[in-house]
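Accompanying notes for the structure given below.
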Amino acid sequence: MIRFDDVALRYGSGPDVLRHITFHIHRGSFHFLTGPSGAGKTSLLKLIFMALRPSDGHIYVAGQDVEELDSAGRAGLRRRIGIVFQDFRLLDHLTTWENVALPLRVMGLRPNEYREDVTDLLRWVDLGHRINAYPEVLSGGEKQRAAIARAVIGKPELLLADEPTGNVDPEMGDRLLRLFIELNRFGTSVIIATHDYALMDKLAAPRLVLQHGRVEIH
Ligand SMILES: Nc1ncnc2c1ncn2[C@@H]1O[C@H](COP(=O)(O)OP(=O)(O)OP(=O)(O)O)[C@@H](O)[C@H]1O
């Protein structure tokens, strides 16, 4: 599903944030991505999502060398990926329900085909009472759950989530982990970036550990 071949990343003329990154993640797998603050977890997820370009090396997503794709090709591939950014990136002019429904709208489905699914998922992440609220009135944890719901609603081929349990209590963290496991069971490849060792200990999934710009799989 994802292959990194001797990838390096620098921001501008700064030092290497990532270097000699080589790994392969199979379709349908579940990985945690961990490492100390500043190790490059967010940067690595952004490389996979094609929000950043590598300074050296090659990245393959779903069998395609991302450097060889034009902007339409990259946009098409991104539509197959669900992503939860650390800053959530909800659209301010849409309600919680409309934000979560957006990927399905973009896929060309009609509201009748997904109305109940969106509402059910929002209830599952405990946002049933926030369906018609706009992002500006949501708490950090509510925004995070809305962003997660938006990332998973379309059952993407790949889910990338950056600290998805950073703003929720442990009970909700467990519930979100169950959601990711369920999605994975139906075929989605999952990568969860986290510092949360209690969360990682709940699932015997391999860990991509970033440290000093390098990656190891444990
Ligand atoms: N836009 C940017 N411009 C310059 N340097 C950046 C930029 N974004 C990140 N960095 C640097 O790259 C390094 C890796 O940052 P990144 O956010 O990927 O780490 P992280 O492991 O996700 O950290 P955290 O766990 O704190 O979120 C850090 O040294 C950071 O300062």
Side-chain angles (χ1 to χ4, degrees), residues 1-25 29-61 66-67 71 74-75 77-78 81-90 135 138-148 150-152 156 158-170 172-174 176-177 180 188-203 205-218:
M1 183 77 210
I2 299 165
R3 186 149 72 89
F4 273 49
D5 203 353
D6 206 14
V7 169
L9 176 71
R10 293 175 286 279
Y11 287 97
S13 54
D16 282 354
V17 168
L18 299 172
R19 57 199 151 91
H20 302 305
I21 302 284
T22 296
F23 67 88
H24 186 187
I25 282 183
S29 60
F30 192 120
H31 286 79
F32 290 113
L33 171 62
T34 187
S37 180
K41 300 179 294 297
T42 300
S43 302
L44 190 102
L45 293 182
K46 286 182 175 169
L47 284 170
I48 298 170
F49 192 63
M50 299 160 279
L52 287 174
R53 304 178 91 145
S55 310
D56 290 303
H58 289 274
I59 298 175
Y60 303 84
V61 178
V66 299
E67 283 300 299
S71 61
R74 277 197 292 275
L77 192 49
R78 278 195 201 106
I81 302 174
I83 185 160
V84 183
F85 289 105
Q86 237 171 358
D87 56 2
F88 318 127
R89 303 199 188 177
L90 298 170
L138 300 182
S139 72
E142 288 171 340
K143 283 185 197 160
Q144 186 159 45
R145 272 135 54 207
I148 291 169
R150 182 181 58 183
V152 305
L158 172 64
L159 175 73
L160 306 172
D162 200 353
E163 296 286 356
T165 57
N167 294 275
V168 300
D169 59 46
M172 180 51 75
D174 286 355
L176 294 173
L177 183 62
F180 300 143
T188 298
S189 310
V190 175
I191 304 180
I192 308 287
T194 185
H195 290 116
D196 184 347
Y197 286 94
L199 183 82
M200 286 188 271
D201 285 343
K202 290 191 175 119
L203 185 69
R207 300 178 187 182
L208 289 165
V209 183
L210 276 177
Q211 207 152 19
H212 310 305
R214 309 291 294 263
V215 73
E216 288 178 11
I217 300 193
H218 292 187

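When a ligand or atom number is given, it counts from 1 through the structure's own listing order. In this text the structure is predicted, and so the values were computed from the model without any measurement.
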- State whether the side chain of K41 and the backbone N or O of G35 hold a donor-acceptor pair below 3.5 Å, judged by distance alone. yes

- side chain to side chain contact (heavy atoms under 4.5 Å, CB included) partner of I191, chosen from D162, L44, L159, I48: I48

Specify the protein heavy atom at minimum distance from [atom]: its residue, its atom name, and the distance to 0.1 Å.
{"atom": "atom 14 (C) of ligand 1", "answer": "G38 O, 3.3 Å"}
{"atom": "atom 18 (O) of ligand 1", "answer": "S43 OG, 2.6 Å"}
{"atom": "atom 20 (P) of ligand 1", "answer": "K41 N, 3.5 Å"}
{"atom": "atom 12 (O) of ligand 1", "answer": "V17 CG2, 3.4 Å"}
{"atom": "atom 26 (O) of ligand 1", "answer": "S37 OG, 2.6 Å"}
{"atom": "atom 10 (N) of ligand 1", "answer": "Y11 CE1, 3.4 Å"}
{"atom": "atom 17 (O) of ligand 1", "answer": "T42 CB, 3.6 Å"}

- Query: Relative to each other, are the rings of F4 and F23 parallel, tilted or perpendicular (30° and 60° limits)?
  - Reply: parallel

- With backbone taken as N, CA, C and O and side chain as the heavy atoms from C-beta onward, which portion of Q86 lies under 4.0 Å from ligand 1: side chain, backbone, both, or neither? side chain

- Task: Look at atom NE2 of H218 and say whether more than 12 heavy atoms of other residues, nucleotides or ligands are closer to it than 6.0 Å.
- Result: yes

- Please indicate whether any nitrogen or oxygen in H195 is less than 3.5 Å from any nitrogen or oxygen in ligand 1. yes

- Polar proximity ligand 1 side, A39 side, N/O cut 3.5 Å exclusive: yes

- Item | Spatial distance of atom NE2 (H24) from atom OH (Y60) [nearest 0.5 Å] | 11.0 Å

- Message: If the threshold is 4.0 Å, N to carboxylate O, is there a salt bridge linking D56 and R10?
- Response: yes

- Message: Any salt bridge linking R207 with D201? Criterion: basic side-chain nitrogen under 4.0 Å from a carboxylate oxygen.
- Response: yes

- Message: At less than 4.0 angstrom from any non-hydrogen atom of G40, what atoms of ligand 1 do you find?
- Response: 14 (C), 16 (P), 18 (O), 19 (O), 20 (P), 21 (O)

- Is any heavy atom of the protein nearer than 4.0 Å to atom 24 (P) of ligand 1? yes

- Item | Side-chain donor-acceptor contact under 3.5 Å, H58 with E67 | no

- Query: Does even one non-hydrogen atom of P36 get within less than 4.0 Å of ligand 1?
  - Reply: yes

- Query: Side-chain contact, heavy-atom cut-off 4.5 Å: L90 with R150?
  - Reply: yes

